[in-house]
**Q** 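This is the structure, below, for whatever I ask next.
Because only heavy atoms are used, hydrogens play no part in the values below, and waters and symmetry mates are left out as well, while side chains stay in.
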Amino acid sequence: MASDLTDEQKIAVFRKMADAWERKDWRTCADLLTENGSLHSMMKDEATVGRETFYQRMVSMASPDKQVKLHIDRIGIVEGALVCERRDEITVDGVSRSVPVVGFLDFEGPLISRWREYYDRAQLVAAQGKTAMK
């Protein structure tokens with residue numbers, strides 16, 4: 001099923017996702033995905049597939065000492081897909097670091113069906129104050 005959302009509506013959905021992400025409102029984030037929607041951090045072998053799988057993963061990864069702010073540098077639509085260049089500001093125990101990210105989102109109806117993220121994994125790990133990550 002294709003999406004009949006306008007470009008502005010797709011951007012609004014992503015901004016709603018970003019706002020919920022920053023507030024750690026994982027239920028809202030999950031509910032913006034289709035039932036079988038996926039989030040694939042392309043530096044990892046496998047995507048997280050399914051709204052509830054995504055929700056459970058986010059809840060399990062949440063940490064009270066970690067905050068994330070998504071600074072959107074550019075956002076637009078290319079051949080129907082939302083493209084977002086951003087800097088994720090990750091603050092852990094009061095120490096803030098930034099990671100550049102580019103995301104591509106596809107939609108079915110009013111929801112995100114596929115979300116692919118591109119970033120440097122070593123930078124993400126370092127921004128979280130870690131030296132290695134599963």
Side-chain angles (χ1 to χ4, degrees):
M1 176 170 128
S3 177
D4 57 358
L5 294 180
T6 66
D7 293 356
E8 293 78 17
Q9 289 170 321
K10 290 176 183 178
I11 291 169
V13 169
F14 183 78
R15 289 190 186 280
K16 183 175 181 179
M17 174 71 78
D19 176 65
W21 197 284
E22 291 175 4
R23 292 182 290 108
K24 300 181 187 181
D25 180 355
W26 307 125
R27 181 75 266 158
T28 294
C29 290
D31 289 344
L32 291 171
L33 295 176
T34 60
E35 186 176 336
N36 294 310
S38 66
L39 170 61
H40 192 176
S41 297
M42 301 307 287
M43 305 313 140
K44 296 179 80 178
D45 291 334
E46 298 198 17
T48 300
V49 179
R51 178 185 298 146
E52 293 310 313
T53 303
F54 169 85
Y55 175 75
Q56 292 301 324
R57 178 171 186 248
M58 298 312 297
V59 167
S60 72
M61 290 176 47
S63 172
D65 65 336
K66 177 179 155 186
Q67 297 293 321
V68 178
K69 172 106 176 107
L70 283 62
H71 298 278
I72 297 172
D73 295 322
R74 293 183 215 183
I75 191 167
I77 308 299
V78 176
E79 296 183 8
L82 182 139
V83 179
C84 182
E85 176 187 19
R86 62 180 206 269
R87 290 165 290 111
D88 290 1
E89 180 184 356
I90 301 170
T91 304
V92 178
D93 293 328
V95 178
S96 182
R97 297 176 183 94
S98 185
V99 177
V101 180
V102 174
F104 294 86
L105 290 79
D106 296 318
F107 290 78
E108 283 183 20
L111 301 174
I112 299 164
S113 59
R114 186 169 66 156
W115 181 358
R116 296 165 316 261
E117 295 273 288
Y118 296 85
Y119 55 86
D120 181 276
R121 188 147 173 79
Q123 266 187 313
L124 176 64
V125 170
Q128 296 180 60
K130 301 177 183 178
T131 56
M133 186 177 225
K134 300 183 212 178

**Q** Side-chain contact, heavy-atom cut-off 4.5 Å: Met17 with Leu105?
**A** no
**Q** Are side-chain heavy atoms of Lys69 and Thr91 found at a separation under 4.5 Å?
**A** no
**Q** Of all heavy-atom pairs between Ile11 and Gly76, which one has the smallest distance, and what is that distance?
**A** CD1-CA, 4.4 Å
**Q** Do the side chains of Tyr55 and Glu52 get nearer than 4.5 Å, heavy atoms only?
**A** yes
**Q** Would you call Lys66 and Val92 a side-chain contact if the rule is heavy atoms closer than 4.5 Å?
**A** yes
**Q** Any ion pair linking Arg74 and Glu85 (charged N to carboxylate O, less than 4.0 Å)?
**A** yes
**Q** Mind checking whether Val83 and Leu111 sit in one hydrophobic cluster, side chains of I, L, V, M, F, W, Y counted as touching below 4.5 Å?
**A** no
**Q** Out of curiosity, Glu46 CD to Ser38 OG, how far, rounded to the nearest 0.5 Å?
**A** 12.0 Å
**Q** Let me check something: do Met58 and Val101 share a hydrophobic cluster, defined by ILVMFWY side-chain heavy atoms less than 4.5 Å apart, either directly or through other members?
**A** yes
**Q** Supply the atom-to-atom distance Gln9 CD to Asp4 CG, rounded to the nearest 0.5 angstrom.
**A** 7.5 Å
**Q** Taking the side chain as every heavy atom from C-beta outward, state whether Val13 and Pro110 have any atom pair closer than 4.5 Å.
**A** no
**Q** Check Glu89 against Ser96 and note the closest heavy-atom contact, atom names and distance.
**A** OE2-OG, 2.8 Å
**Q** What are the two closest heavy atoms between Tyr119 and Ser41, and how far apart are they?
**A** OH-CB, 3.0 Å
**Q** Minimum heavy-atom separation for Glu22 and Leu70, please, with both atom names.
**A** OE2-N, 2.8 Å
**Q** Pair Arg116, Arg114 - check side-chain contact (heavy atoms from CB on, under 4.5 Å), show working.
**A** CA-CA 7 Å; Arg116 296 165 316 261; Arg114 186 169 66 156; 2.5 Å; yes
**Q** Any chance CG of Asp45 has more than 12 other-residue heavy atoms, nucleotides or ligands included, within less than 6.0 Å?
**A** no
**Q** Take the angle between the ring planes of Trp115 and Phe14 and call it parallel below 30°, perpendicular above 60°, tilted in between.
**A** perpendicular
**Q** Say whether Met42 and Leu82 are linked into one hydrophobic cluster, either directly or through other cluster members, by side-chain heavy-atom distances under 4.5 angstrom.
**A** yes
**Q** Taking atom CD1 of Ile75 and atom CG of Asp7, what is their separation to the nearest 0.5 Å?
**A** 10.5 Å
**Q** Side chains of Phe104 and Asp106: closer than 4.5 Å at any heavy-atom pair?
**A** no
**Q** Using a 4.5 Å cut-off on heavy atoms from C-beta on, say whether the side chain of Met43 contacts that of Tyr118.
**A** yes
**Q** Is Trp26 reachable from Val49 through a run of hydrophobic residues whose side-chain heavy atoms are each under 4.5 Å from the next?
**A** no
**Q** Rounded at 0.5 Å granularity, tell me how far CD in Glu108 sits from OG1 in Thr34.
**A** 5.0 Å
**Q** Kindly write out the residues that satisfy side-chain hydrogen bond (donor to acceptor under 3.5 Å, both in side chains) with Lys16, not counting sequence neighbours, or none if the list is empty.
**A** none
**Q** Quick check: closest heavy atoms across Gly109 and Ser3, and the distance to 0.1 Å?
**A** O-OG, 2.6 Å
**Q** Considering all heavy atoms of both residues, which atom of Ser63 and which atom of Lys24 are nearest to each other, and what is their separation?
**A** O-NZ, 2.6 Å
**Q** If I take atom CG from residue Asp65 and atom CG from residue Asp93, how far apart are they, to the nearest 0.5 angstrom?
**A** 4.5 Å
**Q** Please report the interatomic distance CD1(Ile112) to CG(Leu5), rounded to the nearest 0.5 Å.
**A** 10.0 Å
**Q** Taking 4.0 angstrom as the limit, do Asp88 and Arg86 come out as a salt bridge?
**A** yes
**Q** Does a salt bridge link Arg51 with Glu35, judged by any charged N lying under 4.0 Å from a carboxylate O?
**A** no
